[in-house]
Asker: 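Structure incoming, see below.
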Number of protein chains: 2
Amino acid sequence: MSDPSQPVTRKTQQRDAIRKAFVDASRPLGPQEVLDLALESVPGLGIATVYRTLKKFLRDGVLQIVELPGAPNRYELTGLDHHHHFCCRACDRVFDVDGCPEQVADLAPAGFELEAHEVVLYGVCSSCTANG
Amino acid sequence: MSDPSQPVTRKTQQRDAIRKAFVDASRPLGPQEVLDLALESVPGLGIATVYRTLKKFLRDGVLQIVELPGAPNRYELTGLDHHHHFCCRACDRVFDVDGCPEQVADLAPAGFELEAHEVVLYGVCSSCTANG
DNA sequence: TGAATAATGAGAAGTCAATATCATTTGTGA
DNA sequence: TCACAAATGATATTGACTTCTCATTATTCA
C-alpha cells in the first residue's frame, strides 16, 4: 500500500477539505471550483495546493480526470458506475448523467478498434432553467 | 454577400491550398496538420497564415470548429450531415463517424434542457491497426 | 515535547495554443 | 503597368492553465 518512492502521506486540513468538496458536490469539479468550495473549510487555501492535491489524488486513484471538449479538465471521484456528462451553458457546471446509448459501440467504422467513448450533453441545467 | 466591415477578399495560393487540404483530407484537421498538408502546395507557408485563414473560413462559414476532449481544436468543412468523431490514439488523427445513437436525447436528467450533444469514440484507426 | 520532514502559500515561471505586430510581398482594378 | 491595400511570414506577445521555487508552517512519531 505504501510506495517507497513517494514520501509518507500526512493527513491535513487542506486535503480533507478538497476531498470533502468532491463528496459534497457529487459532480465533476475544476481546480477553481475546488478552491472555491474548499475555501469554506480552510480559509487561506491556495490554488497551488489544490493543483498539488488533485495530482496526488489522481496518483492515489481517488480522483480521475474528466476531459470535456473545449473546456479545462474537471476531476471526479473514482468508483462511479459508467456514466456521461451534461455541461450547463449558463453556469458552466458539469453534471453526471446516468446511462449510456448502447448503439455507441456500433458507430465505429469497419477496421477501427473501439476502446472507449465519451458522450457529452450540452444545454441548461434545472436550476438555471428555473432562475434564468 | 460582401461585408463592408471586412476588407475585400483576394484569392491567394495560401487560401486555396488550405481549402484543398480540407477537401483532400475529408476529416477534421488541426492547425499544424493543415500547415503540413498545405505546405505541399505552398512552400514557405507560415502557421500564422493558417490561423488567420482558419479564422476567416470560420467567419465565412466555410469551416466549423470541432472541439474534442483534452485536445486542441480541429476544424472541418461545413455542410456535412450530423455526425460524430473517432480519435485514433496511435496517430492522433480524427475521423468522421456517420450515424448517431438515438437514445442520446433520453439521457438528459429531468428538468434539464438538452440543446446539443457530442459523441467521441477513442481507439485505433484501421491504418494504425494494420501497421502497428 | 522536539526533531525530522511533509505540506503549504505566495508568487514566479513555464506551457502551449492562439493572436498581434510589422516589414515585405502579392493580388486587383484602374 | 501602376498604385493601393490585402495578405503573408517571421516573430513577439498574449492569455489561460498548470507547475515550480522557497521560505514558512504543520504533522508525525520517537
Side-chain angles (χ1 to χ4, degrees), chain A residues 1-21 28-60 62-75 92 94, chain B residues 1-21 28-60 62-75 92 94:
Chain A
M1 207 57 167
S2 69
D3 178 351
S5 75
Q6 292 294 326
V8 174
T9 291
R10 293 177 178 176
K11 174 178 170 62
T12 68
Q13 288 187 317
Q14 288 84 349
R15 287 178 182 160
D16 284 348
I18 290 171
R19 189 181 293 103
K20 181 176 187 302
L29 300 175
Q32 189 60 50
E33 283 180 301
V34 173
L35 178 61
D36 294 342
L37 291 170
L39 273 173
E40 296 172 14
S41 308
V42 181
L45 177 65
I47 189 69
T49 296
V50 171
Y51 276 104
R52 268 188 299 245
T53 304
L54 291 177
K55 210 171 175 184
K56 175 178 172 53
F57 283 176
L58 283 177
R59 275 201 308 273
D60 293 351
V62 175
L63 292 178
Q64 60 192 13
I65 294 183
V66 177
E67 293 185 328
L68 298 167
N73 286 346
R74 315 294 166 104
Y75 302 81
D92 209 41
V94 177
Chain B
M1 207 57 165
S2 69
D3 178 351
S5 75
Q6 292 295 328
V8 174
T9 292
R10 293 177 178 175
K11 175 179 171 60
T12 68
Q13 287 187 316
Q14 288 84 348
R15 287 178 182 160
D16 284 348
I18 289 170
R19 189 181 293 103
K20 181 176 186 307
L29 300 175
Q32 190 59 51
E33 285 180 300
V34 173
L35 178 61
D36 294 342
L37 291 170
L39 273 173
E40 296 172 14
S41 309
V42 181
L45 178 65
I47 189 69
T49 296
V50 171
Y51 275 105
R52 268 187 300 244
T53 304
L54 291 176
K55 208 171 176 185
K56 175 178 172 51
F57 283 175
L58 284 177
R59 275 200 309 271
D60 294 350
V62 175
L63 292 179
Q64 60 191 12
I65 294 183
V66 177
E67 293 184 330
L68 298 167
N73 286 346
R74 315 293 166 103
Y75 301 82
D92 209 41
V94 178

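Residue numbers start from 1 in every chain, and the chains themselves are labelled A, B, ... in the order their sequence lines are given, proteins ahead of strands. All values below come from the heavy atoms of this structure, side chains included, with hydrogens, waters and symmetry mates left out.
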Asker: Drop me the distance from A/Glu33's CD to A/Asp92's CG, to the nearest 0.5 angstrom.
Answerer: 7.5 Å

Asker: Nearest-Å distance, CZ (A/Arg15) to P (D/dA26)?
Answerer: 15 Å

Asker: For the CG atom of A/Leu29 and the CG atom of A/Asn73, what is their distance to the nearest 0.5 Å?
Answerer: 13.0 Å

Asker: Check every strand shown and say whether B/Leu45 touches a base, only sugar-phosphate, or nothing at a heavy-atom separation below 4.0 Å.
Answerer: sugar-phosphate

Asker: Separation of B/Leu39 atom CG from D/dG9 atom P, in whole Å?
Answerer: 9 Å

Asker: Reckon B/Tyr51 has a side-chain N or O less than 4.0 Å from the OP1 or OP2 of C/dA18?
Answerer: yes

Asker: Starting from C1' on D/dT13, measure out to CD1 on B/Ile47 and report it in whole angstrom.
Answerer: 16 Å

Asker: Rounding to an integer number of Å, can you tell me how far B/Gln32 CD sits from C/dA17 P?
Answerer: 9 Å

Asker: Please report the C-alpha distance between A/Ile65 and A/Arg74 in whole Å, then the side-chain angles of each, then the deciding distance to 0.1 Å, and finally whether the side chain to side chain contact (heavy atoms under 4.5 Å, CB included) criterion is met.
Answerer: CA-CA 6 Å; A/Ile65 294 183; A/Arg74 315 294 166 104; over 6 Å; no

Asker: Generate the contact string for nucleotides 23-30 of chain C. Rules: B means base contact, S means sugar-phosphate contact only, - means no protein heavy atom under 4.0 Å.
Answerer: ---BBS--

Asker: Shortest non-hydrogen contact from A/Arg15 to A/Arg10?
Answerer: NH1-O, 2.9 Å

Asker: Quick check for you: to the nearest 0.5 Å, what is the distance between B/Tyr75 atom OH and B/Thr53 atom OG1?
Answerer: 11.5 Å

Asker: Phosphate oxygens OP1/OP2 of C/dA7: is one of them under 4.0 Å from a side-chain N or O of A/Arg52?
Answerer: no

Asker: Which comes earlier along DNA chain C counting from the 5' end, the contact point of A/Gly44 or that of B/Tyr75, where each point is its nearest nucleotide?
Answerer: A/Gly44

Asker: Working note: A/Lys20 + A/Asp16, criterion salt bridge (Lys or Arg N to Asp or Glu O under 4.0 Å); need CA distance, chi angles, decisive distance, verdict.
Answerer: CA-CA 6 Å; A/Lys20 181 176 187 302; A/Asp16 284 348; over 6 Å; no

